[in-house]
Amino acid sequence: MTYPTEKAAVVTGVGAPSGIGRHIARRLLKDGFDVAVGDIQFDNVDSFVEEIRTEFPERKIIGLHLDVSCEKSVTQAYEKVAAELPQLVALVNPAGIACPIAMEDISVEEFDRVFNVNCRGTMLMMRGAYKLMKPHGLGRMVNFSSITAYDGGGTFSKSTYAGAKAAIIGLTRGGAREFGIHGVTVNVIAPGPIDTEIMGGKLTDERKAAMSSNIPLGRVGQPEEIAALCSFLVSEDSSFVNGDVINADGGKHMH
Ligand SMILES: NC(=O)c1ccc[n+]([C@@H]2O[C@H](COP(=O)([O-])OP(=O)(O)OC[C@H]3O[C@@H](n4cnc5c(N)ncnc54)[C@H](O)[C@@H]3O)[C@@H](O)[C@H]2O)c1
């Protein structure tokens, strides 16, 4: 189906200044989307909205004070999107948290927190977007897993994060089956190590080198490279890609 002239995207996880979410938002603005950008770091959402309004004065941009794990917060966010932006075509869902605690030490509370943000958050964002996309018979959703989902844990995150990121693959495939008949596709990106601060702070050159040793491309990824993949997955051109897991890891995990 052809895209409308005016189209909107929701992007979560834009609070972290060097995170993937901000790069995705900027990329989709360049691609011609009006955007709603959300995060639980409310001040950072507000300052980011100011920045991108200056950079993209021709686009409609709204900020969402959003906790993806909270049903009420997500409902309110979509009410704002429906009221203030054109037709919602795309949802990109990078909001997430890592967890470096091993299974033998993790509390039930921390386990639930990691699953609530990553999994419940992904489901609530998908469900809310679907309500707006279904009547138009058109939509693109992109979720975020990790190659950790296959490997059981990475350099920083352990089993709880691996489990939550594996569950996101199931949610994606379930959504792809349930929503596909109404023209809504759902795919999931599984990044390898990307140069952000999710692994407990800025990556030093030493740490990057250590993380790169088993990556065929010999380096960690840049958030712009993930944003470029999102750009394709939310475009008209990706119309027959559905329920897929796309690794973006420099070849670290091949299957
Ligand atoms: N960076 C990597 O190496 C890497 C690798 C594999 C997968 N991923 C995944 O990619 C996604 C983006 O990663 P990143 O590196 O940009 O992370 P990041 O930590 O830089 O950004 C994550 C953002 O999510 C937000 N967030 C956390 N809890 C939230 C909540 N309850 N509601 C709303 N927002 C919330 C944070 O405030 C932050 O702005 C994550 O889902 C992550 O698990 C990242």
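Just so you know, these numbers use all the heavy atoms, side chains as well, and skip hydrogens, waters and symmetry mates. Ligands are counted one by one from 1 in listed order, and the atoms in each one are counted from 1 as well.
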Would you list the atom pairs, donor with acceptor, under 3.5 Å between side chains in residues 102-111 and any protein atom, with sequence neighbours excluded?
| residue | atom | partner | partner atom | Å |
| --- | --- | --- | --- | --- |
| Ser107 | OG | Glu110 | N | 3.1 |
| Glu110 | OE1 | Arg113 | NE | 3.0 |
| Glu110 | OE2 | Arg113 | NH2 | 3.3 |

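Classification of the Phe33-Tyr3 ring pair by plane angle, with boundaries at 30° and 60°, yields perpendicular.
A salt bridge does not link Glu178 to Arg127: none of the charged side-chain nitrogens sits closer than 4.0 Å to a carboxylate oxygen. Salt-bridge check for Glu225 with Arg219: passed, with a basic side-chain N closer than 4.0 Å to an acidic carboxylate O.
In terms of polar-atom proximity, defined here as any N/O pair under 3.5 Å, Ser69 makes no such contact with ligand 1. Of the N or O atoms in Ile194, one or more lie within a sub-3.5 Å distance of an N or O in ligand 1. The distance criterion of under 3.5 Å between nitrogen or oxygen atoms is not met by Glu197 with respect to ligand 1. Considering backbone and side-chain atoms together, Ile20 places an N or O closer than 3.5 Å to an N or O of ligand 1. Considering backbone and side-chain atoms together, Pro94 places an N or O closer than 3.5 Å to an N or O of ligand 1. Considering backbone and side-chain N/O of Ser146, none are found under 3.5 Å from N/O of ligand 1. Taking any N or O of Val14, backbone or side chain, none lies under 3.5 Å from an N or O belonging to ligand 1.
Neither side chain, Asn187 nor Asp244, offers a donor N or O lying under 3.5 Å from an acceptor on the other. Judged purely by distance below 3.5 Å, without hydrogens or angles, the side chains of Asp31 and Ser231 pair a donor atom with an acceptor atom.
Annotation: atom 32 (N) of ligand 1 to nearest protein heavy atom, Val68 N, 2.9 Å. Of all protein heavy atoms, the one closest to atom 39 (O) of ligand 1 is Asp39 OD2, 2.6 Å. In terms of protein heavy-atom proximity, atom 35 (C) of ligand 1 is nearest to Ile40 CG2, 3.7 Å. What sits closest to atom 21 (O) of ligand 1 on the protein, heavy atoms only, is Ala16 CB, 3.7 Å. Gly192 O, 4.0 Å is the protein heavy atom nearest to atom 4 (C) of ligand 1. When only non-hydrogen protein atoms are considered, atom 6 (C) of ligand 1 lies nearest to Pro191 O, 3.3 Å. Scanning the protein heavy atoms around atom 33 (C) of ligand 1, the nearest turns out to be Leu66 O, 3.2 Å. The protein non-hydrogen atom at the shortest distance from atom 1 (N) of ligand 1 is Thr196 OG1, 3.0 Å.
Thr185 places none of its side-chain heavy atoms less than 4.5 Å from the side chain of Ser239. With a 4.5 Å cut-off on side-chain heavy atoms, Met211 and Arg207 count as touching. In this structure, Asn118 and Lys165 have side chains that are in contact, with non-hydrogen atoms separated by less than 4.5 Å.
Considering Phe42, Phe156, Tyr161, Phe144 only, the shortest heavy-atom separation from atom 8 (N) of ligand 1 involves Tyr161. Comparing Ile198, Thr122, Val74 against atom 19 (O) of ligand 1, the shortest heavy-atom distance belongs to Ile198. Considering Gly96, Pro17, Gly19, Gly15 only, the shortest heavy-atom separation from atom 22 (C) of ligand 1 involves Gly96.
Ligand-side atoms of ligand 1 in range of Lys165: 40 (C), 41 (O), 42 (C), 43 (O), range being under 4.0 angstrom from any heavy atom. Those atoms of ligand 1 that come under 4.0 Å of a heavy atom in Val117, given as number and element, are 28 (N), 29 (C), 31 (N). Within ligand 1, the atoms closer than 4.0 Å to a non-hydrogen atom of Met199 are 3 (O), numbered from 1 in the order shown.
Residue Ile97 touches ligand 1 through its side chain alone, judged by heavy-atom distances below 4.0 Å. With a heavy-atom cut-off of 4.0 Å, Pro193 touches ligand 1 through its backbone alone. Within the 4.0 Å heavy-atom criterion, the part of Ser145 lying near ligand 1 is the backbone and not the side chain. At a heavy-atom cutoff of 4.0 Å, ligand 1 is contacted by both the backbone and the side chain of Asp67.
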Evaluate side chain to side chain contact (heavy atoms under 4.5 Å, CB included) for Met126 paired with Asn93, printing each intermediate quantity in order.
CA-CA 9 Å; Met126 289 170 68; Asn93 245 340; 4.2 Å; yes
Hey, mind stepping through Thr196 and Ile20 against side chain to side chain contact (heavy atoms under 4.5 Å, CB included) and telling me if it holds?
CA-CA 7 Å; Thr196 72; Ile20 294 169; 3.9 Å; yes
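A donor-acceptor pair under 3.5 Å links the side-chain atoms of Arg120 to the main chain of Ser69, judged by distance alone. At least one donor-acceptor pair under 3.5 Å links the side chain of Asp249 to the backbone N or O of Gly251.
Within a 6.0 Å sphere centred on NZ of Lys30, heavy atoms belonging to other residues, nucleotides or ligands number 12 at most.
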